[in-house]
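Presented below is the structure to which this report refers.
The figures that follow rest on heavy atoms only: side chains count, while hydrogens, waters and symmetry mates do not.
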Amino acid sequence: MNAISNARWVAVSQSAKILSQVANIFILARVLPPSDYGLMAMATVVTNLALLLRDQGTAAALIQREKLDQQMITTVFWFNVMLGVVIALAIMVFSPAIAHYFKKTELIPILCCLAVVFPLASSATSHQALMERESRFRRLALIDIAASAVAMIAAIIAALMGAGVYSLVIQAVTMSLLTNIQIWLYSDWRPSGKPSLMQFKSILPFTGHMTGFQLITYFFRNADSLVIGRILGTAALGVYSMAYKVMLLPVQNITWAVSRALYPVMSRQQSDLAQMGRVYLQTIAVIAFMTAPLMAGVFALRELFVGVAFGPQWASVAQLLVWLAPVGFLQSISSIAGTVFMAQGKTKLLMGIALASAIIHVAAYLWGTQWGIDGVARYYFLVSLLTVIPTIILAGRLVQCSLFDILHALWRPLLISL
C-alpha cells in the first residue's frame, strides 16, 4: 500500500511539473527564439552534471540503508553542504572555458546565475532523503506544486517583459529556492553533533559506484547535446532540445514518479526477491500501459502537434520525433531496472552497464552528425534497441523474473499501442 500511496502523491507532484513544462513549451516557445533554448540547453549540460555530483549518491544511500543513526545523517548533511558550495564556485570559475567550448560568451553570466542553485539544493538533500525514506510523499508533492506554480509564473512574466533566455534562468532558480526552503520548514530533522569520517567511509562502496553510474549516464545522455552544439550549432541544438523535451514530457515524468515512489519500498524488501520480482513486473506493465500508447500518439500526431503548439519555426521538430518517440518508450521501461539494482545494492553492476551503453551511444551520436540532427536522432533510436533490452532482462534475473515473464508483462500494452 505504501508504494501505491507514494506513487499517487509523486504523480500529483509530477503533474504540477508537467503543467509547468507545458506552459514553458506552449507560452515561452512562442516568445523566445530557438537560439535562446539552445543557450539554455548548453547551460543545462553543465548544470545537469553538477546536479549528479551534488550529493555523490549519499541521498540514495540514506534511503537504501536498513539502519540509520543521527551521526550518519549529520555526516551526509555536512558533506553535501560543502560539496554544493564547491560545485557553485567551480561552475563560476570554469564558465569562461565552457563558453569558449560552445563558442558562446553569453553562457558566462547564465552559468554564474544558475550556480546559485547548488548550495540551496545541497542544504536540503538529507532532509528530502529522510522524508522519502519515511514515505512522506504527500508533503513533498505539495512543496513541488507550490514551487512549480510560482516559478512558472515568474518565468512567463520575465519572458513577456523581454528577459529572453534569463526567463528560463529565473524559473530554475525560483524553483530551487522555494523547494528547498519548504523542505527545511516541513522536515523534522535538524543537524546536530559532529560528522564522522568512519560513518562516511561505510557508505562509500554504495555511493562510489552510484556516482560513477550517474556520471556515465549523464555523459552519454548529454553527449548528443555536446556533439550537436559543437558541430551543428545553437539553432540545431535548440530544435533538437525541443524535440527531446516533447519526447520526455510524458515519459520522464511518469517513470521518474514511479521510480522515486518504489525505491524506498523496494529497499525495505531487498531480502524478499520473490516479492521484488512481482513488484518489478507489475511496475513495468503499468508504465508500458501508459507510455506505449502515449509515444504512439506522439509519433502519429507529431506534425499536427508541432504546428499547433510551436508554430512554423519549429517544423523540423516533427521529423525528429519519428525516432525519439520510440526511444522515449524504451527509456521508460528500462529506467525501473536502475531502481532494482539500487535497492539490491548492485551499484557496481549498474555502473558497468552504463559504461558499455555510454561507449555505444557516443559513437552513434558522432556518426549520426553526418546527416545532421535527424541522423543523431536516428542512431539514438538504433543504439537504444541494442542497450535497453539486455538491461531489462538482467534486472529481471536479479529478482527471479525470466524473459518470458517480462514479455508477458509487456505484450498487452504493446498491442494496444499498435
Side-chain angles (χ1 to χ4, degrees), residues 17 20-21 23-25 28-29 31-56 80-125 128 144 147-148 150-159 161-183 214-215 218-219 221-226 228-230 234 237-238 240-242 244-245 248 252:
K17 292 180 180 179
S20 175
Q21 292 172 16
N24 187 304
I25 291 174
L28 296 182
V31 180
L32 304 177
S35 57
D36 280 352
Y37 277 91
L39 279 172
M40 193 63 180
M42 291 174 179
T44 301
V45 169
V46 178
T47 56
N48 282 347
L49 171 61
L51 284 171
L52 293 180
L53 295 172
R54 188 189 69 194
D55 72 345
Q56 301 283 297
N80 287 331
V81 169
M82 177 189 67
L83 195 58
V85 173
V86 170
I87 289 172
L89 293 175
I91 290 174
M92 293 178 183
V93 170
F94 289 104
S95 59
I98 297 166
H100 177 72
Y101 171 82
F102 284 111
K103 303 175 184 177
K104 291 291 178 182
T105 56
E106 305 97 303
L107 275 177
I108 297 175
I110 293 172
L111 288 170
C112 290
C113 291
L114 290 173
V116 177
V117 167
F118 298 97
L120 292 173
S122 295
S123 68
T125 299
Q128 182 170 344
D144 285 341
S148 296
V150 175
M152 175 188 66
I153 294 169
I156 293 172
I157 293 173
M161 293 178 65
V165 67
Y166 287 95
S167 58
L168 301 175
V169 175
I170 288 169
Q171 184 176 27
V173 174
T174 303
M175 179 74 181
S176 178
L177 177 64
L178 295 180
T179 297
N180 293 293
I181 288 175
Q182 290 181 89
I183 288 174
Q214 290 175 329
L215 287 173
Y218 156 83
F219 177 73
R221 286 189 176 176
N222 287 278
D224 48 357
S225 295
L226 288 168
I228 292 171
R230 176 70 175 180
T234 305
L237 180 56
Y240 183 87
S241 66
M242 183 61 73
Y244 199 82
K245 285 180 181 179
L248 288 182
Q252 189 180 50

Kindly give the heavy-atom pair with the smallest separation between C113 and Y166, and that separation in Å. SG-CE2, 4.5 Å
Do the side chain of T174 and the main chain of Q171 share a donor and acceptor less than 3.5 angstrom apart? no
Let's go through V46 and F94 carefully: what are the C-alpha distance in whole Å and the side-chain angles of both, what is the deciding distance for side chain to side chain contact (heavy atoms under 4.5 Å, CB included) to 0.1 Å, and is it a yes or a no? CA-CA 10 Å; V46 178; F94 289 104; over 6 Å; no
On a heavy-atom basis, which atom in A124 and which in N180 lie closest, and how many Å separate them? CB-OD1, 3.3 Å
Measure the spacing between CE of M42 and OG1 of T47 and express it to the nearest 0.5 Å. 13.5 Å
Taking the six-membered ring of F102, is the NZ or CZ of R230 close enough (under 6.0 Å from the centre) and on axis enough (within 45°)? no
Looking at OG1 of T44 and CG of L114, how far apart are the two atoms once the value is rounded to the nearest 0.5 Å? 7.0 Å
Search all heavy atoms of A147 against all heavy atoms of T179 and return the closest pair with its distance. CB-OG1, 3.3 Å
Roughly how far, to the nearest 0.5 Å, is CG of N80 from CD1 of I87? 9.0 Å
When P96 is tested against each of T105, I108, L107 for side chain to side chain contact (heavy atoms under 4.5 Å, CB included), which residue passes? I108
If the test is side chain to side chain contact (heavy atoms under 4.5 Å, CB included), which one of V117, V86, L111, I98 qualifies with I91? L111
Heavy-atom pair with the smallest gap, counting every atom of A159 and S167: N-CB, 3.5 Å
Inter-residue atom distance L177.CG - L120.CG, 0.5 Å rounding: 5.5 Å
Taking side chain as C-beta onward, heavy atoms only, is V169 less than 4.5 Å from M40? yes
Which heavy atom of L237 sits nearest to which heavy atom of G229, and what is that distance? CD2-CA, 4.0 Å
Does the side chain of V85 come within less than 4.5 Å of F118's, by heavy atoms? no
Report yes or no: does S241 contribute a side-chain atom to a donor-acceptor pair with the main-chain N or O of G238 at less than 3.5 Å? yes
Do you know the tightest heavy-atom contact between Y240 and D224? OH-OD2, 2.7 Å
When you measure from the side chain of S95 to the backbone N and O of M92, does any donor-acceptor pair fall under 3.5 Å? yes
